[in-house]
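Since the structure comes first, as structure tokens, the remarks are kept for the end.
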Amino acid sequence: MLAPYACDPARSRGRRYPQNPAPTRTEFQRDRDRIVHSSAFRRLVYKTQVFLNHEGDLFRTRMTHSLEVAQLGRSMARTLGLNEDLVEAIALAHDVGHTPFGHAGQDALNDCMRDFGGFEHNLQSLRVVDVLEQRYPDYEGLNLCFETREGILKHCSLANARALEAHEPMFADGAGGVGARFLLRQQPSLEAQLCNLADEIAYNAHDIDDGVRSGLITLEQVCEVPLFARFCDEAATEHPHLRANASRKRWLYEAIRRMLSAQVYDLMEATRTAISAHHAQDLCAVRAAPPLVGFSQPMVGEARALKAFLLRALYRHPQVVEKMDAARTVVAELFAAYAHKPQEMAAHGLAFEAASPDSLPRRVADYVAGMTDRFALREHERLTGRRLFA
Ligand code: MG
């Protein structure tokens with residue numbers, strides 16, 4: 001059922017450490033299973049998406065976000081004839097490199113690492129699956145397929161791409177590793193491109209949902225966004241009782257559902273058009289073409305307006321900013337504390353390896369990045385004697 005431009009697991013470019021095929025699963029199904037069983041994946045359940053993990057049980061965490069991206073991605077992949085299992089594997093792993101406390105944590109860690117190569121969550125997701133997961137007898141990491149790894153590495157600076165290439169194995173086809181496409185200015189598979197869009201569609205929708213239910217933004221405010229207002233009106237015209245106070249949650253859900261479907265249908269249509277316009281009949285043509293998975297031009301503008309609204313009204317809401325400032329302090333002080341006393345990292349028997357080939361700052365960054373929100377808060381309190389979140 002795969003389209004000719006899809007990734008075929010039987011023609012995977014392979015793993016860093018060659019392995020015999022599994023008897024009952026394709027290579028990409030095997031990758032998906034490895035990711036689901038990893039400890040980095042489990043920890044996503046206690047990591048912040050937008051709302052700090054302990055603020056409420058009903059908001060998205062990185063785990064539920066990743067599951068929503070996987071669901072959306074699989075559903076779109078099926079329609080486009082792409083490989084669903086590969087999309088699922090990439091989607092479930094795409095955020096495993098995130099620090100505690102979301103982007104605030106990543107910014108703080110990047111500041112701490114400024115003189116030591118920086119910290120970037122995307123690169124860290126690849127590092128988690130390539131190096132930091134220690135589960136197999138003969139190699140580091142999960143030893144995933146090239147196609148899964150290239151999908152996880154959504155973006156990468158040229159300097160980082162060169163550094164990555166220096167450590168990539170020589171694949172049988174001689175075409176370079178996961179950094180090569182950044183140096184050659186090529187695109188990843190359609191499955192990887194699709195995951196980026198599924199990520200964006202998912203968080204735009206669920207951040208409206210969480211934002212309104214948290215009380216930080218109102219339904220009326222979101223209606224400043226033309227895309228959302230249209231579906232809000234449409235839903236209430238078809239179901240006038242939704243305007244009643246008691247039904248406002250259903251109104252919110254119905255408007256989000258319609259908006260999400262509209263974005264998915266728009267993307268299907270625009271992507272099919274782009275694939276045929278660029279004669280992308282196989283993976284080689286996909287890689288050489290411009291990005292093919294995307295919205296139509298009008299939807300690009302509408303999605304941009306929605307993102308701008310969420311940035312202004314939700315991500316920069318004073319209550320969110322205040323918590324994120326505190327989160328930055330937690331991460332910076334944790335980094336300083338471990339860098340000063342590395343033996344503190346061994347206190348919990350976690351992934352701290354004294355014999356690691358990496359520099360101390362990199363090991364500290366790996367350790368802090370791997371923490372859940374609540375473990376970071378506990379450790380911060382233990383090491384500094386201060387509690388920054390009531
Ligand atoms: Mg994401």
Side-chain angles (χ1 to χ4, degrees), residues 1-16 18-33 35 69-94 144-155 168 171-201 263-297 299-300:
M1 296 311 250
L2 284 184
Y5 41 74
C7 281
D8 179 352
R11 295 168 58 196
S12 166
R13 295 193 53 219
R15 302 176 186 276
R16 298 173 89 201
Q19 281 191 294
N20 293 328
T24 56
R25 295 171 294 167
T26 69
E27 295 304 311
F28 301 148
Q29 287 169 347
R30 199 179 194 187
D31 280 4
R32 185 259 331 272
D33 297 351
I35 291 157
V69 177
Q71 177 275 319
L72 259 177
R74 277 198 84 121
S75 158
M76 294 193 285
R78 195 175 311 140
T79 310
L80 290 170
L82 299 178
N83 193 295
E84 281 184 57
D85 298 319
L86 176 57
V87 167
E88 186 178 24
I90 297 170
L92 294 178
H94 86 283
L144 303 180
C145 292
F146 172 86
E147 293 76 8
T148 309
R149 296 173 60 237
E150 93 163 335
I152 291 171
L153 190 61
K154 184 162 85 179
H155 37 69
E168 285 287 273
F171 289 98
D173 57 9
V178 288
R181 75 174 172 89
F182 299 96
L183 304 172
L184 300 168
R185 303 199 179 283
Q186 290 194 334
Q187 304 307 318
S189 69
L190 293 175
E191 283 83 354
Q193 296 183 35
L194 184 64
C195 279
N196 295 343
L197 270 295
D199 187 21
E200 182 179 329
I201 295 174
Q263 292 201 304
V264 166
Y265 299 145
D266 180 275
L267 185 137
M268 299 289 94
E269 187 60 36
T271 300
R272 282 204 186 98
T273 306
I275 289 172
S276 68
H278 287 88
H279 310 289
Q281 278 136 354
D282 56 25
L283 204 47
C284 261
V286 165
R287 293 187 184 287
L292 297 175
V293 179
F295 293 133
S296 67
Q297 266 318 309
M299 187 59 87
V300 168

Scanning both residues in full, the closest heavy-atom pair of G177 with E168 reads CA-OE1, 3.2 Å
Hey, could you give me the CE/CD distance between M268 and Q263, rounded to the nearest 0.5 Å? 11.5 Å
Is the shortest heavy-atom distance from the side chain of T26 to the side chain of N83 under 4.5 Å? no
What distance do Q186 atom CD and C284 atom SG have between them, rounded to the nearest 0.5 Å? 8.0 Å
Please tell me if the side chains of F295 and I201 come closer than 4.5 Å, counting only heavy atoms from C-beta onward. yes
If we only count heavy atoms from C-beta on, is the L197 to L72 side-chain gap below 4.5 Å? no
To the closest 0.5 Å, what do you measure between CD1 (I35) and CG (L144)? 5.0 Å
Side-chain contact test, heavy atoms from C-beta onward, threshold under 4.5 Å: evaluate it for R15 versus D31 and give yes or no. yes
Minimal heavy-atom distance between Q187 and P291, with the atoms involved, is OE1-CG, 3.6 Å
Separation of Y5 OH from L292 CG (nearest 0.5 Å): 10.0 Å
What I want to find out is whether D85 reaches R30 closely enough, with some N-O distance under 4.0 Å, to be called a salt bridge. no
Student check: side-chain heavy atoms of I275 and L190 closer than 4.5 Å: yes
To the nearest 0.5 Å, atom SG of C195 lies from atom CE of M76 at 8.5 Å
Would you please test E27 and S12 for side chain to side chain donor-acceptor pair (under 3.5 Å) and show each step? CA-CA 8 Å; E27 295 304 311; S12 166; over 6 Å; no
Let me see the working for L153 and F182 under side-chain contact (heavy atoms from CB on, under 4.5 Å), right down to the final yes or no. CA-CA 10 Å; L153 190 61; F182 299 96; 3.6 Å; yes
Beyond-backbone contact of I152 with H94, side-chain heavy atoms, under 4.5 angstrom: no
Would you sort out whether R16 and R149 count as a side-chain contact (heavy atoms from CB on, under 4.5 Å), showing the intermediate values? CA-CA 10 Å; R16 298 173 89 201; R149 296 173 60 237; 3.6 Å; yes
Do P4 and D282 touch side chain to side chain, with heavy atoms closer than 4.5 Å? no
Nearest heavy-atom pair of V69 and A91: which atoms, and what distance? CG1-CB, 3.7 Å
Using every non-hydrogen atom in the two residues, find where A6 and G81 come nearest and quote the distance to one decimal. CB-O, 3.4 Å
Is there a side-chain contact between D199 and K154 in this structure, where contact means two heavy atoms from C-beta onward sitting under 4.5 Å apart? yes
How close do P188 and R181 get, heavy atom to heavy atom, and via which atoms? CD-NH1, 3.4 Å
side-chain contact (heavy atoms from CB on, under 4.5 Å) between M299 and Y265: does it pass, once the steps are laid out? CA-CA 11 Å; M299 187 59 87; Y265 299 145; over 6 Å; no
side-chain contact (heavy atoms from CB on, under 4.5 Å) evaluation trace for V286 with Q193: CA-CA 10 Å; V286 165; Q193 296 183 35; 4.0 Å; yes
Report, as yes or no, whether the 6.0 Å neighbourhood of atom CD on E269 holds more than 12 heavy atoms from other residues, nucleotides or ligands. no
What one should report as the nearest heavy-atom pair of G294 and A270 is O-CB, 3.3 Å
Hey, are R32 and E84 close enough for a salt bridge, meaning a charged N less than 4.0 Å from a carboxylate O? no
Can you tell me how far apart CD (E191) and SG (C7) are? Round to the nearest 0.5 Å. 4.0 Å
